[in-house]
Amino acid sequence: MQFPPADHTLVCADHTHHFAQTGSGATTVVLIHGSLCDYRYWRWQLNGLSDTFRVIAPSLRGYWPNAFTRADAQFSIGQHACDLRVFISGINAGRPVHLVGHSRGAQVALELALAAPDLVASLTLADPGFRLAGEAEAPLPHRDMAALLQGDDADAALSGFVDRVNGAGTWRQMTSWFKTMVRDNAATLLSQAQEPQPVVDPAHFADLPFPLLLLGGANSPSRYRTRLEALSLACPQAHRVTIPLAAHGMNLANPRAFNTALSSFVENTEIYTRV
């Protein structure tokens with residue numbers, strides 16, 4: 001597969017959606033990236049899942065290739081969820097998709113799924129980064145990193161953020177294409193530092209009208225594991241898979257295991273739906 005993948009666009013009322021697309025199957029999987037990323041983040045899923053599924057990875061509003069360069073009030077979980085609702089309705093003729101969200105993108109995916117369950121055939125949350133109701137508010141790294149950005153120390157901000165969410169030393173070990181992607185989206189931290197942080201009530205998971213898959217990296221920081229454990233308790237029918245030999249960036253560190261877990265879940269969901 002070429003990299004970066006071909007850029008496709010869908011023009012809506014106030015926003016042009018940029019996205020990558022591979023495969024041509026009847027089943028559509030939509031991949032939602034997290035902080036400092038864009039559709040290039042899903043490099044190994046666009047390649048690895050396309051033999052079986054139609055795979056679509058949009059860049060959220062404010063991210064590359066039209067990245068915000070300053071703080072913008074349109075950058076929010078709610079706005080991204082609204083954008084995706086329009087996008088999926090347009091790109092898949094209103095038919096439900098298998099929705100996958102990673103980190104911050106997991107909250108975007110969840111917001112969309114709760115607001116428009118008719119558009120969702122299944123929901124996969126990979127290391128969700130949202131705060132749960134009843135959980136003490138913790139200092140967010142975005143604000144510290146935004147201050148470094150404003151002080152013209154971009155690499156310190158980016159390395160600090162990546163190491164915070166994935167583990168010490170991660171930035172130093174990342175490939176050049178990943179660092180390029182993160183640098184392209186650096187200024188989104190300015191918006192993210194100011195966006196509201198909606199709290200997620202685990203009670204919302206009890207009666208989800210579609211199957212739920214919870215993915216976690218075996219070596220992810222503990223804050224992600226505790227969220228997955230709380231969601232597993234709130235939704236006992238959810239499937240939970242731990243990706244070995246991987247931390248927060250599990251789909252890059254161990255794409256074979258990630259793709260296998262996701263493919264199996266989606267295929268089983270499709271079989272259940274047809275029965």
Side-chain angles (χ1 to χ4, degrees), residues 23 25-34 41-42 44-45 48-57 84 88 95-130 132 200-275:
T27 300
T28 300
V29 176
V30 175
L31 307 168
I32 311 302
H33 65 81
Y41 179 71
W42 300 106
W44 303 123
Q45 286 64 56
L49 299 173
S50 60
D51 287 345
T52 309
F53 310 117
R54 179 188 183 210
V55 186
I56 296 174
L84 283 174
I88 291 172
R95 297 188 303 273
V97 303
H98 295 272
L99 194 59
V100 182
H102 173 256
S103 195
R104 179 180 182 274
Q107 187 161 13
V108 175
L110 175 62
E111 290 283 326
L112 170 62
L114 293 175
D118 55 309
L119 292 180
V120 181
S122 74
L123 177 63
T124 296
L125 304 179
D127 266 4
F130 46 70
L132 297 173
V200 172
D201 187 346
H204 290 156
F205 288 80
D207 299 310
L208 291 178
F210 37 72
L212 174 66
L213 172 63
L214 301 172
L215 293 176
N219 302 321
S220 292
S222 61
R223 62 182 173 277
Y224 297 111
R225 292 197 299 274
T226 57
R227 286 181 177 89
L228 290 171
E229 288 164 3
L231 297 181
S232 294
L233 289 173
C235 185
Q237 69 271 30
H239 301 267
R240 184 172 174 188
V241 177
T242 299
I243 305 301
L245 306 175
H248 189 55
M250 66 195 82
N251 59 305
L252 301 180
N254 195 345
R256 178 173 295 182
F258 184 94
N259 293 352
T260 297
L262 181 58
S263 295
S264 176
F265 172 70
V266 170
E267 288 171 347
N268 287 336
T269 298
E270 287 287 294
I271 292 170
Y272 175 80
T273 302
R274 289 195 295 267
V275 172

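Computed over heavy atoms, backbone and side chain alike; hydrogens, waters and symmetry mates excluded.
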Task: Residues that Thr124 engages under side-chain hydrogen bond (donor to acceptor under 3.5 Å, both in side chains), provided they are two or more places apart - done: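 Thr124 satisfies side-chain hydrogen bond (donor to acceptor under 3.5 Å, both in side chains) with no residue once adjacent residues are dropped.
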Under 3.5 Å, side chain of [X] to main-chain N/O of [Y], donor-acceptor pair present?
X      : Y      : result
Ser50  : Gly23  : no
Ser232 : Leu228 : yes
Gln45  : Leu31  : no
Arg227 : Leu132 : no
Thr226 : Arg223 : yes

Write down the atom of [X], the atom of [Y], and the distance for their closest heavy-atom approach.
X      : Y      : value
Tyr41  : Gly249 : OH-CA, 3.6 Å
Leu208 : Leu212 : CD1-CD2, 4.0 Å
Pro96  : Ala121 : CB-N, 3.7 Å
Pro244 : Ala218 : CA-CB, 4.0 Å
Cys235 : Phe205 : SG-O, 3.3 Å
Ile243 : Ala261 : CD1-CB, 4.3 Å

Open item on the list: For the residue pair Thr27 / His98, report whether a side-chain donor-acceptor contact shorter than 3.5 Å exists.
Closed with: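 Result is no, nothing qualifies.
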Task: Pairs satisfying salt bridge (Lys or Arg N to Asp or Glu O under 4.0 Å), at least one member in residues 97-107, at least two apart - done: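 Found Arg104-Glu195.
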Task: Sole residue of Leu110, Leu125, Ile32 in side-chain contact (heavy atoms from CB on, under 4.5 Å) with Leu99 - done: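 Single side-chain contact (heavy atoms from CB on, under 4.5 Å) partner of Leu99 among Leu110, Leu125, Ile32: Ile32.
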Open item on the list: Using the rule side-chain contact (heavy atoms from CB on, under 4.5 Å), only one of Asp127, Val241, Thr242 pairs with Leu215; which is it?
Closed with: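 Only one of Asp127, Val241, Thr242 forms a side-chain contact (heavy atoms from CB on, under 4.5 Å) with Leu215, namely Val241.
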Open item on the list: Working to the nearest 0.5 angstrom, can you tell me the gap between Leu213 CG and Arg240 CZ?
Closed with: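 One gets 11.0 Å once the value is rounded to the nearest 0.5 Å.
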Open item on the list: As an exercise, state the distance from CG of Leu49 to CZ of Phe258, rounded to the nearest 0.5 Å.
Closed with: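 Going from the CG atom of Leu49 to the CZ atom of Phe258 covers 8.0 Å.
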Task: Residues that Leu245 engages under side chain to side chain contact (heavy atoms under 4.5 Å, CB included), provided they are two or more places apart - done: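 Only Asn254 meet the side chain to side chain contact (heavy atoms under 4.5 Å, CB included) criterion with Leu245.
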Task: Parallel, tilted or perpendicular: rings of Trp42 and His102 (30°, 60°) - done: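 Perpendicular, since the angle between the ring planes exceeds 60°.
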